[in-house]
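Just below is one structure, and these are the notes that go with it.
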Amino acid sequence: MLALRPLHAAPALLGAVLEVTSGPDRRSGRIVEVEAYEAADDPASHAYRGRTPRNGVMFGPAGHLYVYRSYGIHWCANIVCGPIGEAGAVLIRALEPLDGVEEMWPDRPKARTSTDLASGPGKLCAALGIGGEHDGVDLLAGDGPVRLLTGTPVEPAGVVDGPRIGITRAVERPWRFAIAGNPHVSRPRPPGFGPGDRSAPATGPHR
DNA sequence: GACAAGATTGACT
DNA sequence: GTCAATCTTGTCC
């Protein structure tokens with residue numbers, strides 16, 4: 001799955017489960033929203049301008065975790081995918097908490113509901129306890145601190161796409177994917193995202 | 001060495 | 001709906 005380019009791997013990752021273990025702690029969540037970032041042809045990607053100390057993980061093998069600090073405050077997690085050297089990645093934007101929910105609340109004191117625990121890139125990292133120390137870990141190793149599990153695949157008809165969020169370049173590309181109608185997707189919700197609105201945007205679920 | 005921008009979040013009006 | 005917080009990274013001189 002992760003051998004695919006980000007644009008194809010992103011929707012395939014919906015429904016997969018991200019699991020973080022820290023000592024006796026085990027927290028996991030189902031991926032409900034992602035964004036695809038190519039490198040060579042994507043001005044919005046961190047790797048667009050080439051390899052740097054920060055984004056080096058993106059140029060490595062698929063299946064590794066790329067963690068970076070956003071706005072000096074939050075951590076954001078990406079899954080590296082595609083061929084080595086192409087620096088493609090899929091940003092995880094939102095999770096549906098599964099295991100270890102009780103342990104997540106202390107790390108998310110501002111959250112009021114379970115749908116608020118991991119409904120954003122920075123939120124999900126806080127909820128799962130992901131930080132800079134997890135940058136570069138192998139998600140497929142099996143015994144690492146962060147693992148990617150198959151979970152329940154989502155049918156193409158259940159996937160909606162839309163423009164990416166919070167970026168200033170290449171904003172027109174509909175490379176944001178989410179599970180239709182899922183209440184855990186992050187804000188802002190374009191038409192077709194979130195509960196109560198299952199009408200997919202004009203672009204359709206695939207591209 | 002200095003400066004500007006940023007894949008966000010939450011508080012406040 | 002608007003805006004401030006906060007600091008790392010990358011670029012420019």
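Residue numbers start from 1 in every chain, and the chains themselves are labelled A, B, ... in the order their sequence lines are given, proteins ahead of strands.
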Candidates dG10(B), dG10(C), dA7(B) - which lies nearest the side chain of Lys123(A): dG10(B)

Touch class at under 4.0 angstrom, heavy-atom based, for Arg164(A) against every strand present: nothing

Which residue lies more 5' along DNA chain B, comparing Val90(A) with Ala111(A) via nearest heavy atoms: Val90(A)

Spatial distance of atom SG (Cys81(A)) from atom OH (Tyr66(A)) [nearest 0.5 Å]: 13.5 Å

Residue Arg69(A), side-chain atoms from C-beta onward, closest of dG10(C), dT8(C), dT9(B): dT8(C)

Single-linkage hydrophobic cluster, 4.5 Å side-chain cutoff, Leu95(A) and Val159(A) together: yes

Which nucleotide in dG10(C), dG10(B), dA7(B) has an atom nearest any side-chain atom of Lys110(A): dG10(B)

Side-chain N or O of His46(A) closer than 4.0 Å to phosphate OP1/OP2 of dA7(B): yes

Donor-acceptor pair (no angle test) under 3.5 Å: Tyr71(A) side chain, dA5(C) base: no

Touch class at under 4.0 angstrom, heavy-atom based, for Arg108(A) against every strand present: sugar-phosphate

Side chain Arg108(A), main chain Leu117(A), donor-acceptor under 3.5 Å: yes

Ile73(A), nearest nucleotide to its side chain (from dA7(B), dA5(C), dA11(B)): dA5(C)

Contact under 4.0 Å: Ser186(A) side-chain N or O vs dT8(B) OP1/OP2: no

Short N-O contact, Asp41(A) and Arg5(A), less than 4.0 angstrom: no

